[in-house]
Amino acid sequence: MKNNIFVLNKSFYTRLDVLQISKELLGKYIVTNIDGQRTVGMIVETEAYRAPDDKACHAYTNKRTERTEVMFREGGAAYVYLCYGIHHLFNVVTAEMNIAHAVLVRAIEPIEGVDIMLKRRKFTDNKPSLTNGPGKLCVALGIKTIFSGVSLTESLGVIYIEDRGTIIAPSQIVAGPRVGIFGAKESRFWDWRFRIKDNPWTSKPNIVRYED
DNA sequence: AAGAGGATGAACT
DNA sequence: GTTCATCCTCTTG
């Protein structure tokens, strides 16, 4: 079985369909080697962001700033940023150079190094609230903003993603809305959040009132 | 130079 | 259900 495991390489990340990549990342395994500690989690929930037309994307209208610059890189890098001054959020940069697409990893199922994750989160029990949110999983995996820009395609790197042969059928994928505090524009209604159906390690679905 | 606000989470009532 | 912690980035002046 070991020979069925491989690290996702450039050709996985550089494709142009970020929605497809978001769905394919479900069932893949994030591996981190941070502070000398190895932790692994299976991705169970993702969210797509796509400049220039996606209003929720930091690089909306292809705006380049010091922070968003990494999103314009060739696919296969990490984009980590600080939200609300507290939470580190981990994204995968996709598409070709100068096309700012990314996938936010929103929830994982702990696989290896659970004891390390528990210690980082100050938890005693392994339960869904350990990793069922984008800020939570970054704490559990040890991911911080200092890792923004690192390559995800090195098998000896600090962060990389593995295919272990897990197949998530389309019928097992549930799509839903992302956060929606945007103007009357369409992007708030795009169902660009993807989760593995009935997986207990996903976060709470976002509720959007379509009538307003 | 200053201020607003955000791809959230935890701790409340 | 509500509040607020906390700080970086971007916009404005």
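In what follows, chains carry the letters A, B, and so on, assigned in the order in which the sequence lines appear, proteins first and then strands, with residues in each chain numbered from 1. We use all heavy atoms of the structure for the numbers below, so side chains are in, but hydrogens, waters and symmetry mates are not.
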message: Under a 3.5 Å cutoff, is there a donor and acceptor pairing between the side chains of Y160(A) and S151(A)?
response: no
task: Could you let me know what dT6(C) is paired to, Watson-Crick or G-U wobble, both distances under 3.5 Å, or none if it's on its own?
output: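 Looking at the geometry, dT6(C) pairs with no nucleotide.
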query: Which base sits across from dA7(B) as a Watson-Crick or G-U pair, both distances under 3.5 Å?
result: none
Whole-Å distance separating the [atom1] atom of [X] from the [atom2] atom of [N]:
X: E66(A); N: dC8(C); atom1: CD; atom2: C1'; result: 11 Å
X: L82(A); N: dT9(C); atom1: CG; atom2: P; result: 8 Å
X: R67(A); N: dG5(B); atom1: CZ; atom2: P; result: 16 Å
X: R50(A); N: dA7(B); atom1: CZ; atom2: P; result: 18 Å
X: K55(A); N: dC10(C); atom1: NZ; atom2: C1'; result: 17 Å
X: Y60(A); N: dG6(B); atom1: OH; atom2: C1'; result: 17 Å

Side chain R121(A), main chain L130(A), donor-acceptor under 3.5 Å: yes
message: Checking I196(A) against I173(A) for the side-chain contact (heavy atoms from CB on, under 4.5 Å) test, could you report, in this order, the C-alpha distance in whole Å, the side-chain angles of both residues, the deciding distance, and whether it holds?
response: CA-CA 5 Å; I196(A) 299 178; I173(A) 299 176; 5.9 Å; no
Nearest-nucleotide pick for T68(A), side chain only, options being dA7(B), dC8(C), dC10(C):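 The listed nucleotide nearest to T68(A)'s side chain is dC10(C).
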query: Taking the six-membered ring of F12(A), is the NZ or CZ of R15(A) close enough (under 6.0 Å from the centre) and on axis enough (within 45°)?
result: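 Geometry flag: set, cation within 6.0 Å and 45°.
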- request: Check whether NZ of the Lys or CZ of the Arg R73(A) lies under 6.0 Å from the centre of the six-membered ring of Y79(A) and within 45 degrees of that ring's axis.
  value: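 Not flagged: R73(A) not positioned over aromatic ring of Y79(A).
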- request: Please work out whether the ring planes of H87(A) and Y84(A) are parallel, tilted or perpendicular, with thresholds of 30° and 60°.
  value: perpendicular
field: Under 4.0 Å protein heavy-atom contacts per nucleotide of nucleotides 8-13 of chain B, with B for base, S for backbone only and - for none
entry: BSS---
